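One structure below.
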2 protein chains.
Amino acid sequence: MRLASPTIVEVAQRAGVSISTVSRCLNHPDKVGKKTLQRVRKVIDEVNFSPNALAQSFRRGKTNIILVVVHEIGSGLLSEVVGGIRSVLDGRYAVILTESRPDAAQPANFIEMLVAKQVEGVILLCSVPPFSRKIIELNKARNLPIVIGLEPLSDELRKLPSVHIDNFAAASEATAYLIGLGHHRIAFVSGPRQSYVTLDRERGFMAAMADAGLDGSHVHYADLSVNGGINAANDILTGAPPSAIFCANDDMALGVMSAAARRGLAIPGALSVLGFDDMRYAAIANPPLSTVAQPAREIGIHAARRLLDAIDNPDEPGRQTEILQHRLVIRSSTGRGPG
Amino acid sequence: MRLASPTIVEVAQRAGVSISTVSRCLNHPDKVGKKTLQRVRKVIDEVNFSPNALAQSFRRGKTNIILVVVHEIGSGLLSEVVGGIRSVLDGRYAVILTESRPDAAQPANFIEMLVAKQVEGVILLCSVPPFSRKIIELNKARNLPIVIGLEPLSDELRKLPSVHIDNFAAASEATAYLIGLGHHRIAFVSGPRQSYVTLDRERGFMAAMADAGLDGSHVHYADLSVNGGINAANDILTGAPPSAIFCANDDMALGVMSAAARRGLAIPGALSVLGFDDMRYAAIANPPLSTVAQPAREIGIHAARRLLDAIDNPDEPGRQTEILQHRLVIRSSTGRGPG
DNA sequence: GCAATATGTGAAAACGTTGCCATTCACAAG
DNA sequence: CTTGTGAATGGCAACGTTTTCACATATTGC
């Protein structure tokens, strides 16, 4: 009993007018006679008509949909960014999200393309290479407006407008803070090497260590997850442990804290832990996690504005990367070091 | 310099064939002569043609897009559920997400409708009433397949297929566990009253208390957020505090733990805290949070399968609500009570 | 009361595909 | 040589809308 939706034609017939008139009632009601309008609207209500969005989009060549690509939705930070994006776009565009984490990998990618073409712009909040490469192609081939948020990307992507913090500077400031606290042996838990965000943070760490004449080679690699942090901590804390561990994100820092707690290590007494991102649970960790905060909502807002720019002026490239301010948030997981 | 995308017509001309043939090359290549196919494919490559997805969907009346509605993306639990959904749907459908949390409220809703109509099915993972009501209308009016996941919904929604745990039973078991531990004064931190999930949990708590002949009226209301938990805890812990607090979700439980820690209350020594959901950070809280786990991924998988069913057999209602197993996860935030 | 101008309306052409049907052609069977 | 068969291809309508253009009618200014 799938009843076919009524079309504009049916409305026209019932109201005894032409389809043009019905269309006008929908889109330019001021250009329609008063009583005609009334009659048509009545019929529209009666048959519960609403225009076929597919046909509309097709005809207009416009979908009013913006796609936001995230790697995985379960992150408070992303939630903030998306909130910022929506605060700008809502009303003008429907914001839909897609995850780039692969599940059935191959065919999915293909379908993403399909999605992408029904979309008027994309905000990329992730940098997984195979996926972003596809997106770039689309940008080139179809002239699809794209803005990168949160992540500075590989060199080929740097031509695209992007909005993020200065990860290098942030990490090196944070490291300097740790050094100022008297820590000399500091380990850094980095993320996957393809990620330019964590790479920048890693380099910031090493630069700050070098500046202070300290050994910045104590770098471990994990996968940015809590478990990654736990494993890294277990590695790091055997043998001669450092007095501080700086993590490329909060999830790993939380993992490190958990592993340290399990080993009976007092934080920050025996070990200082510093995170990155200031995600939602950082403040209520036990002890509350020191971290460097990204202005997530702001990033979303700016990215959305840039996208709007790009859509409205498809021809001019616009200024490229936009750097927002980070902020070192000192809570209780960091304390004085031995030195 | 927005260059118009080439259409099938252009390809046809360049290849010296009819557009039907080009279309066939795309959709039924076996029905095309070998050398024609080759020639057409060459041209397609040359001009970098790919069919206009909007036109295709319009023509076919099929978009191959499934919409998943979540209240807000920043939750590990949802991430799991979505993972499950995608493991079933990827390849057959593109899965896109939308948040129901309002930002620019009114106009947004309107646009959601637009989105909804380009979509072949919806999985609702949230129950915010104004939004879900809209969805229901769509279901009725357009016969749009819908499945509810994670949340049992209001009576009017109970007609829709849904997949979730037995929140009443789970909460009452968890409460019984607390009682068995020797707790007599137990507070419950509930969520907003419109939410049927938290309502069920609340009722489960009260029933278990009543069964044990205890006072189950110690119920506080918060908004399911960490801060809500903190505030609730501050209320509860002044005066004559209970020996255990059971929260309707983990976020609030984490908030309660944080507030308790700030007050110098030992957990579980002075206060036991029990959460609900087993979200990602529950296991690494300090101390690790006892909670009741939902089989999130399973819920996603089942919901997706139900949706597929509903799409394939639009006429039969199919069996209605499907109950999956919960599991009490005992970690270190709960301990023996005074009694 | 007549031209000039608004105002409201309808006919029809698009938008880019797909798929049915008809056509052509080659080739095998009679 | 005719007829029948199958494969390969082209023509064309259709999907539901929006929009341009032209037409008819109503309104205004003399």
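Keep in mind it's a predicted model, so treat the numbers as computed, not measured. Below, chains carry the letters A, B, ... as their sequence lines are ordered, and counting in each starts from 1.
- Atom P of nucleotide C/dT7 and atom NZ of A/K34 are separated by 16 Å, given to the nearest angstrom.
- Following rounding to the nearest Å, A/D30 (CG) and C/dT9 (P) show an atom-to-atom distance of 12 Å.
- Screening residues 40-69 of chain B for ring pair (Phe, Tyr, Trp, His ring centres under 6.0 Å), with sequence neighbours left out, gives A/F58-B/F58.
- Not one side-chain nitrogen or oxygen of B/H28 sits closer than 4.0 Å to the OP1 or OP2 atom of C/dT18.
- Atoms CZ (A/R60) and P (C/dG16) sit 16 Å apart, rounded to a whole Å.
- A donor-acceptor pair under 3.5 Å is formed between the side chain of A/E99 and the backbone N or O of A/I73.
- Following rounding to the nearest Å, B/Q13 (CD) and C/dG16 (P) show an atom-to-atom distance of 13 Å.
- The outermost nucleotides of DNA chain D lying under 4.0 Å from heavy atoms of chain A, listed 5' to 3', are D/dG16 to D/dT19.
- When atom types are taken as modelled, the side chain of B/T63 and the backbone of B/Q118 share a donor-acceptor pair closer than 3.5 angstrom.
- Protein atom CD of A/Q38 is 16 Å distant from nucleotide atom C1' of C/dG8, rounded to whole Å.
- Of the two residues near DNA chain C, A/G33 and A/I19, the one whose nearest nucleotide lies more 5' is A/G33.
- Base engagement by B/S20 is indicated by at least one non-hydrogen atom pair under 4.0 Å involving a base atom.
- The distance from atom CZ of B/R24 to atom P of C/dC21 is 14 Å, rounded to the nearest whole Å.
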